[in-house]
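For reference, the structure discussed in these notes is given below.
Nothing here was measured: the structure is a model prediction, and the numbers come from that model. Naming convention: chains lettered A, B, ... in sequence-line order (proteins, then strands); numbering from 1 in each chain.
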Amino acid sequence: MIVPFSNVLVVAGILFALGVFCTVARRNLIMIVLGIEIMLNAASIVFVGAALHLDSLDGQTFVLFILAVAATEVSVGLAIIVYAFRRTGSFDPANFNLLR
Amino acid sequence: MQMEPASFPFLSAILLSCVVGMLTIMLIPEEKHRLIKQVSVVFSGICLLLTLYVFFAFNRKLGGLQFVEHVSWIPSLGISYFNAVDGFSLPNILLTGIVFFTGVLTMWELNTRVKEYFALYFLMVAGVFGLFMSMDLFFIFVWYDVSLFPMYLLIAVWGTTRKEYGAMKLTLYLLAGSALILPAIILLWAKSGLDTFSFVSLMHPGLFTPEVQKFAFLLLFLGFGILAAVWPLHTWSPDGHVAAPHGVSMVHAGVLMKIGAFGILRVAIMLCPLGWIYWAKFMAVLAVIGIVYGAFVGLMQTDLKYVIGYSSVSHMGVVCLGLSTVTVAGLNGAVFQMFAHGIMTALFFSSVGYIYDRTHTKMIPELGGLSRIMPVASGFFIMAALAGMGLPGLANFWGELVVFLAALKVYPLFGVIAVLGLVVTALFMLRVVQKAFYGPANPRFAGLQDVSLWLGTPRIILAAVLLIVGLCPSLLFNVIRTASVPFMNGLLR
Amino acid sequence: MNWTIAGPEIFYFAASLWFLLLSFAPPRKPAADRAHRREYLTAIFLASVGILVCLASIHAQGWLFIRAYSVDVFSQVFKTLLSLGLFLIVSICGHMTDIDDRRHNEFYFLLFVCTLALMLLVSADSLLSIYLSLELSSYSLYILVALRKKQSLGLEAGIKYFLIGSFASAVMLFGMALLYSSSGAAYLPAMAKVLPAMIAHPAVIIGLLFTLSGFFFKLAVFPFHFWAPDTYQGASNQVAAYIATASKVAAIAVIMRVLAFAGHGSAYLVHVLVFLSVVSMTLGNLAAIVQKDIKRLLAFSTIAHSGYVLIGILVLDPAGYSAAIFYALALLAMKFTAFMVVVELAPDGRNLQIEELAGLHKRSPIMALALLVALFSLAGIPPTIGFTGKFLIFTAAIQKGYVWLVIIAMINVVISLYYYLLVIKAAYLLEPAEALPPLVVSFPKKLLAGLSIAAIVVVGFCPYWLIQVAQAAAQPLSLWR
Amino acid sequence: MVGSPPHAVDLAALIAATMLPFASFLAILVATRGRPRLSAGLSIGSVTIALVCSIALLALNFQLAAPIQFSTRLIASSGLNIPFGFLLDPLNLLMIVVVSTICFLVQVYSLGYMAGDPGFSRYYAFMSLFTWAMMSLSLSASLLQLYFFWELVGLSSYLLIGFWYEKFSATQAGKKAFVMTRAGDVAFFIGFLLLFIHTGDLSIVHLNSRAALAGISPSFLTLSALLIFGGIVGKSAQFPLLTWLPDAMEGPTPVSALLHSATMVAAGVYLFARLFPFFSMSPVAMSVFLAIGTISMLLASTMALVSRDIKRVWAYSTISQLGFMIMALGAGGYFAGVFHLTTHAGFKALLFLCSGVFIHRYETNDIYELSRLGARRMLVPMVSMVLGAAALSGLPPLSGYFSKEAIMGSLSVLPDPVWLAAGLVGVFLTAYYSFRLIFILLLPGESEAPAGAPAAPAHESDESGHKFQDRVMALPLIILSAVTVILGFFATPLKHFLGASLTARGLAGTEASSWPHMAALALAVAGVSLAWIEFGRKGAKQVGFVDRIPSLYRLFSERWYIDRFYGLLVNVVVDRGISRLCYQNDKKVIDGSIDGICEGTVESGRVVAFLQTGMVQYRLLAMFAVLVLLALYFYY
């Protein structure tokens with residue numbers, strides 16, 4: 001491997017933290033879904049790095065599947081969010097707070 | 001502890017008659033009140049006959065466990081449906097049979113939601129019977145809770161003063177008790193290494209280390225103590241008594257508090273003798289406080305049922321004192337007092353029930369002057385009050401005599417305080433009788449007629465039992481002795 | 001690789017395809033409810049056939065997809081449980097006014113897909129197959145929740161459920177990545193051999209913790225339980241019933257499988273599990289005390305029950321696993337009965353308040369009795385299946401020495417009895433403001449209620465047969481060590 | 001020491017004597033509640049049989065060598081063998097004869113007295129209950145059996161005192177009587193339980209034998225003796241617990257005559273005599289008994305000086321005479337005590353029955369009122385009243401003189417002269433207050449109604465019924481007066497009959513010097529003359545020497561403020577103090593704390609539920625934060 005595996009972990013960790021921060025900080029539903037996408041990519045990086053580090057192909061197959069699932073997740077998520085937008089006219093998660 | 005298998009499964013027959021009684025009642029349509037009552041009288045009568053047969057067919061000389069029924073239930077955990085009767089449980093089963101039959105008769109004039117009442121009533125008594133018979137720790141706990149949960153509905157739906165609060169408080173208290181008992185039972189099961197819940201195999205000495213015995217005994221004593229109205233944990237029982245309808249408070253005060261004392265005796269004392277010896281003084285202190293405290297607070301009450309509630313707390317203190325003396329006489333006296341107090345409280349509540357149905361008030365100041373109007377009904381109450389004071393010729397005297405005898409020998413100071421409690425009990429019982437029954441005939445109740453023979457039968461039965469047991473106590477002592485003597489000898493070795 | 005061992009999965013795949021085709025068909029003009037009946041009957045038929053298929057393949061044994069998907073007694077028992085759960089839920093979807101009539105086919109399609117996904121999850125043996133089946137089931141549930149006719153509630157619940165769900169799955173994925181990278185094996189059996197040695201290594205433990213968080217989300221354990229109250233309240237009654245029963249059972253299965261392989265040897269992990277179970281028990285019970293909406297109350301009680309199940313699992317030995325399996329079945333039966341009564345009382349699918357239960361014992365005694373038995377079983381009062389479940393879990397826990405944990409659990413039982421009694425009080429004691437008409441309950445519903453009461457009480461009283469099934473199911477988990 | 005083989009006849013008589021009254025009690029209570037005449041017949045029938053049996057038993061076993069004992073084993077559980085049966089012994093025989101005669105006479109008398117009372121059959125039920133309890137008490141073989149009937153006697157006294165339960169004062173007096181005797185019984189209970197623990201056997205014959213008590217330490221012996229004496233103090237209304245007896249006069253007069261003068265209160269003295277050898281083993285206890293006897297004797301006689309109620313005068317005199325008996329027994333005079341008990345039973349019952357006739361006729365208890373209404377004209381009751389009073393004050397020919405002389409003899413034997421002096425003062429006071437009453441009744445007061453017309457209008461109409469009632473009530477009076485006259489001469493044969501079975505300390509010692517008897521007689525005569533001077537003389541102002549000193553008068557009429565003290569004790573200490581404290585503790589402390597815990601959980605539930613709501617992103621943040629914390633926890 002061109003760089004020790006621990007570095008890959010560090011980068012992925014930072015990226016993961018960024019994803020979490022984006023999910024939590026932004027007041028826009030779509031940005032939350034985006035944040036989750038970032039977290040998924042961070043996991044993919046670790047998988048690819050591990051595959052290389054252990055030189056076994058499992059990691060690679062895992063990433064391919066993650067990409068597919070991420071796509072479905074976004075589609076389902078956006079479907080609900082667009083539906084909510086058409087219904088309430090806003091993306092702000094604050095006003096989706098009726099249930100007591 | 002030799003066992004003698006039963007020719008015909010009488011014990012399961014008793015349980016079955018309760019359960020079948022409940023099912024048949026549930027099948028009868030709601031509006032046929034009279035039919036429901038007749039069916040429940042028939043079934044409770046069968047139960048009573050069976051218990052009487054078991055009581056008299058019990059072989060006094062052989063002792064040990066009799067009428068044994070053993071069916072393995074969950075082998076992987078070692079749980080078995082194991083019913084048997086010995087000297088300790090026999091008087092209680094007879095007590096339950098009598099109180100059950102008279103309880104059904106007392107509620108003869110009920111007319112709201114009769115079907116549900118008697119169905120739940122049968123279920124509760126089935127639970128009580130089950131607990132007294134079972135020799136398997138798991139089933140003791142299962143029957144304990146089966147008898148507990150109909151209690152909430154019985155009090156909450158048909159209760160009298162402050163019924164929601166009383167019902168909720170009672171159920172949560174008793175369940176908190178079971179929350180202490182279950183871990184202890186499972187701890188004993190786990191620590192025994194025998195992988196069985198059956199009582200006989202768990203009982204041989206030296207099975208548990210002293211620490212386990214002490215810890216388990218404390219848990220069990222507090223758990224069952226809540227039910228036996230031991231001093232600091234007793235506040236549910238007066239509220240529960242007042243809130244419950246009369247039939248229920250008969251079973252509840254008459255029998256359910258005995259489950260607590262019986263549980264302490266059967267599970268705590270017999271399984272963890274070292275714990276018992278270690279905690280005996282603590283038990284004695286609580287018991288004596290209970291006796292004196294119950295009597296003093298009884299003085300202050302203005303509601304008939306509260307007075308009886310606090311007198312039960314004081315009498316259960318006597319039972320607890322008997323148990324805490326770690327002697328044969330103490331055990332004999334405690335079990336005898338359990339029986340005697342059960343019958344007495346049932347008579348109390350049954351007569352209060354009759355008076356409340358007529359006068360619609362339980363407050364003593366409003367009651368005055370009943371003796372002139374209803375001499376027979378008030379006669380029963382006065383007899384119960386006399387029994388409550390421990391008058392010779394009635395059953396309580398012997399129980400208290402033997403317990404105080406044992407207590408004076410082991411804890412002289414506590415014994416003396418407990419005996420002085422008798423004076424205060426006499427004072428508050430007589431004060432109730434004087435205020436409620438004597439005095440000029442009360443104009444408000446002028447029109448009421450005295451108790452008819454049919455309505456009086458439950459009270460007549462209870463009064464007769466009090467008198468018979470009072471005049472020849474050896475009837476019960478011989479039975480109790482068959483269990484207490486071998487147990488204590490086994491303990492001393 | 002003979003395909004016969006995947007019988008149930010294939011059947012449910014075909015059934016969901018069938019409903020997909022039905023949903024393509026143009027909506028016919030004649031009275032909508034006649035169409036309702038046809039779809040409902042097909043769903044009932046397919047679900048019952050599904051149970052038979054699962055029962056038939058109970059003894060299937062073997063691996064698919066080169067060891068990524070194991071079929072053994074454990075998975076088959078859970079598949080049968082899931083098919084039973086589906087059948088029960090479909091049976092109460094008789095006259096579902098809460099879902100738009102055009103959506104009924106999609107509703108049944110998504111239900112069958114979610115059950116298929118949960119079945120895959122139960123016998124998934126590699127990280128990848130676990131992840132895929134988990135995501136598939138979650139996505140179908142997100143849509144089911146959002147399908148509710150009353151847009152505002154369903155929508156908000158859907159969004160919350162989706163966001164928390166995807167966040168949890170992202171965290172799980174990251175954990176899986178860590179696990180994979182440090183252990184080098186993607187299959188659980190291979191991992192089981194490697195992990196005990198390096199369990200003390202931080203990356204492994206944190207990886208394992210993050211992986212478990214995905215399953216804790218599914219089971220609604222403490223940190224990941226936030227979705228449960230809103231989703232139960234927001235979703236339609238039938239969907240909430242499905243989430244409460246089927247997805248809980250599958251979650252228990254997958255946590256057990258992962259922990260059986262990877263969980264041994266680390267005291268830290270057990271401490272974390274103990275902490276999570278205690279907090280979720282207490283939190284669930286405390287929050288449930290003040291609830292006014294029945295479904296929200298049932299949601300918090302589910303959180304509490306996940307705490308009890310966790311005790312069974314954290315014992316990490318066959319006794320604990322069999323207790324947890326038995327408790328899963330108990331949960332299925334109790335929750336279903338409770339939700340059945342809720343569905344029956346709110347034909348128009350509205351959220352039922354506790355006060356609206358008033359006078360139930362007069363309106364329909366059978367439903368009142370069902371509610372009574374279900375709630376007492378949830379509280380853990382002896383003659384019921386709930387008590388036997390709790391009892392088995394407590395015996396397993398005390399055998400391992402967790403006495404104080406059991407005492408805390410018992411105190412929680414007492415707190416839980418308080419709010420269950422409040423509901424029973426409402427049903428049996430309170431009189432409705434104005435005299436409500438007696439509830440007309442169709443015969444099949446009465447039969448179903450009677451059967452569920454009988455199941456809870458009879459199994460509670462003589463559970464020996466079921467305990468044997470649970471012990472058999474727990475066998476494969478301990479073979480690997 | 002157990003007696004010769006039990007004679008079938010004796011056993012049959014004993015069972016008949018005791019069980020028949022109990023059977024009639026049950027029969028009346030259950031069956032013949034409605035028919036008064038039948039229940040009266042049943043009860044009197046059973047009493048007559050009991051009387052006949054006891055006289056037969058006395059005749060049969062007159063020269064009894066050793067006590068005969070029939071006993072069955074009651075509670076045979078280990079360590080608790082309580083014999084339950086009968087003991088035949090000179091003292092017992094004497095006691096059952098006294099009890100059955102007085103019971104018989106009073107029941108006959110109440111036929112007249114209670115005629116027309118709504119609770120007539122209930123009265124006779126309780127009367128036969130009392131007879132059963134008293135007879136069995138006198139015959140009981142063991143202390144436990146004695147305690148068993150001791151409490152039953154207390155119960156029957158409660159029921160009979162509160163017989164007219166409409167009257168609040170009657171029920172109050174009944175309750176007071178029961179609770180006070182109960183306090184005494186509790187001491188007795190502890191006493192004989194301690195005895196049982198140390199000696200293992202409660203049978204009286206065993207306790208009295210010196211050999212059995214050798215093993216016990218003297219201090220323990222004294223303690224148990226004092227405790228048992230507590231029972232006697234309670235039952236025989238001695239010093240600390242004496243105020244219930246005057247209140248017990250609320251009950252019907254025949255009840256007072258039977259229970260609260262002759263038999264029930266004598267049970268305490270009987271117990272003392274019964275365990276005399278046991279008590280005499282601890283000299284310290286005997287001196288304490290002597291002291292208490294003296295105090296209660298003096299106290300009661302002072303109270304009698306000022307009382308205006310005829311029945312209360314005799315009640316106080318009963319307490320003082322009981323005090324005399326206990327002083328005699330305390331001083332070792334076994335025969336004196338027992339003999340005085342018998343004679344006192346006779347003439348005190350006579351006095352009560354006479355006052356009963358007056359009360360029945362004139363419906364008032366006040367002696368001045370009675371004398372104004374001309375009670376003196378009723379010949380038979382007046383003569384027997386004078387006879388009784390004479391016997392009470394110990395004038396020579398009557399039985400009282402002989403028993404008083406025996407007591408003075410036993411007191412003179414004591415080294416310390418103060419007891420004798422107290423005795424003499426007592427004799428003087430007794431003579432004074434009894435004749436004060438007689439002279440008040442005899443002397444025609446100024447505003448007396450015209451002699452001719454019989455004052456009481458009430459009994460005008462039913463002349464025939466009146467006739468029967470008078471004859472029925474007069475009969476017992478005549479018999480009792482005869483007894484009081486003759487009984488004195490039986491002193492010596494009774495002494496041999498009782499003395500033979502006892503080896504008490506120096507009993508048959510030398511005949512004491514004769515001066516105490518002379519002094520006693522002189523004082524008695526002085527007392528009578530003082531009473532004559534103050535009350536009997538034509539122009540007497542009917543004001544006693546005590547009435548002239550108002551502070552002393554108030555002290556005596558307030559029963560030395562003992563009642564005030566007990567009232568204070570019950571109301572303030574028990575009612576307002578302890579039980580209120582316990583009740584508040586029950587409500588505030590225990591209930592409060594537990595309800596507080598419940599509110600706490602519900603409150604925390606509300607807080608936790610509030611935490612659940614809130615924006616999605618806060619939740620995500622919370623989830624992630626908890627995860628990070630758990631991960632960090634790994635490093636500790």
Side-chain angles (χ1 to χ4, degrees), chain B residues 26 30 71-79 81 113 115-116 119 123 126-127 130 138-139 141-150 152-153 156-157 159 163-164 167-168 171-191 193 195 197 212 215-216 219 223, chain C residues 319 322-323 361-362 365 368-369 372-373 375-376 379-384 387-388 390-418 420-422 424-425 427-430 457 460-468 470-471:
Chain B
M26 282 169 87
E30 170 73 32
V71 170
S72 89
W73 203 253
I74 306 174
S76 61
L77 291 172
I79 296 172
Y81 175 78
R113 288 167 76 173
K115 182 162 91 154
E116 284 151 322
L123 184 63
F138 173 76
F139 270 98
F141 186 79
V142 165
W143 290 117
Y144 170 84
D145 266 5
V146 161
S147 72
L148 180 132
F149 84 86
Y152 177 77
L153 285 175
V157 175
K163 51 185 180 179
E164 273 97 6
M168 183 60 85
T171 316
L172 288 186
Y173 253 76
L174 299 188
L175 198 88
S178 71
L180 291 172
I181 294 165
L182 190 60
I185 286 181
I186 301 174
L187 186 71
L188 288 180
W189 172 76
K191 282 288 185 287
D195 196 9
F197 275 90
V212 165
F215 181 63
L219 276 182
Chain C
S322 65
H361 75 279
K362 261 203 294 296
L369 189 62
L372 177 86
V373 168
L375 288 178
F376 271 129
I381 304 286
T384 57
F387 167 74
T388 328
K390 280 200 175 66
F391 182 76
L392 291 173
I393 284 179
F394 291 157
T395 35
I398 285 196
Q399 236 167 359
K400 283 288 271 222
Y402 302 112
V403 178
W404 283 106
L405 181 59
V406 168
I407 289 182
I408 294 170
M410 279 307 279
I411 293 167
N412 271 295
V413 164
V414 174
I415 299 173
S416 69
L417 183 72
Y418 175 68
Y420 288 133
L421 279 179
L422 285 181
I424 292 171
K425 184 178 93 165
Y428 270 85
L429 214 62
L430 297 184
V457 173
F461 211 69
C462 40
Y464 175 51
W465 180 73
L466 261 177
I467 292 177
Q468 266 182 323
Q471 265 151 11

Could you tell me whether the side chain of C:Phe387 reaches within less than 4.5 Å of the side chain of B:Phe141, counting heavy atoms only? yes
Do the ring planes of C:Phe461 and B:Phe139 sit parallel (below 30°), tilted (30 to 60°) or perpendicular (above 60°)? perpendicular
Starting at NE2 of C:His361, measure out to CD of B:Glu116 and round the result to the nearest 0.5 Å. 5.5 Å
Roughly how far, to the nearest 0.5 Å, is CD of C:Gln399 from CG of B:Leu77? 8.0 Å
In terms of heavy-atom proximity below 4.5 Å to chain B, should C:Leu372 be classed as side chain, backbone, both, or neither? side chain
Considering non-hydrogen atoms only, spot the tightest contact between B:Ala156 and C:Leu429 and give its length. O-CD1, 3.0 Å
Quick one: does C:Phe391's side chain get under 4.5 Å of B:Ile74's, heavy atoms only? no
As a test of understanding, state which of B:Val146, B:Asp145, B:Leu123 forms a side chain to side chain contact (heavy atoms under 4.5 Å, CB included) with C:Pro383. B:Val146
Can you give me every donor-acceptor pair (side chain of residues 171-188 of chain B, partner residue at least two apart or in another chain, under 3.5 Å) with its distance?
unit_1, atom_1, unit_2, atom_2, d
B:Thr171, OG1, B:Ala167, O, 2.7
B:Tyr173, OH, B:Thr235, OG1, 2.7
B:Ser178, OG, B:Leu175, O, 2.6

Measuring heavy-atom distances to chain C, does B:Trp189 have an atom under 4.5 Å in its side chain, in its backbone, in both, or in neither? side chain
Which distance, rounded to the nearest 0.5 Å, do you find between the CG of B:Leu148 and the CG of C:Leu417? 8.0 Å
Need one label for C:Phe394: side chain, backbone, both or neither, based on atoms under 4.5 Å from any heavy atom in chain B. both
Given a strict heavy-atom distance threshold of 4.5 Å, which part of C:Leu421 is in contact with chain B: side chain, backbone, both, or neither? both
Quick check on C:Gln468 against chain B: is it the side chain, the backbone, both or neither that has a heavy atom closer than 4.5 Å? neither
Is the shortest side-chain heavy-atom distance between B:Met168 and C:Leu422 below 4.5 Å? yes
Any idea which of B:Phe197, B:Tyr81, B:Trp143 has the most non-hydrogen atom pairs under 4.5 angstrom with chain C? B:Phe197
Contact part of B:Glu30 toward chain C, heavy-atom cut-off under 4.5 Å: side chain, backbone, both or neither? neither
Quick one: does C:Pro382's side chain get under 4.5 Å of B:Phe149's, heavy atoms only? no
Side chain from CB out, backbone as N, CA, C, O: work out which of these in C:Val403 comes under 4.5 Å of a heavy atom of chain B, or both, or neither. side chain
Would you name the heavy atoms of B:Arg113 and C:Tyr428 that are closest together and state the gap between them? NH1-O, 3.2 Å
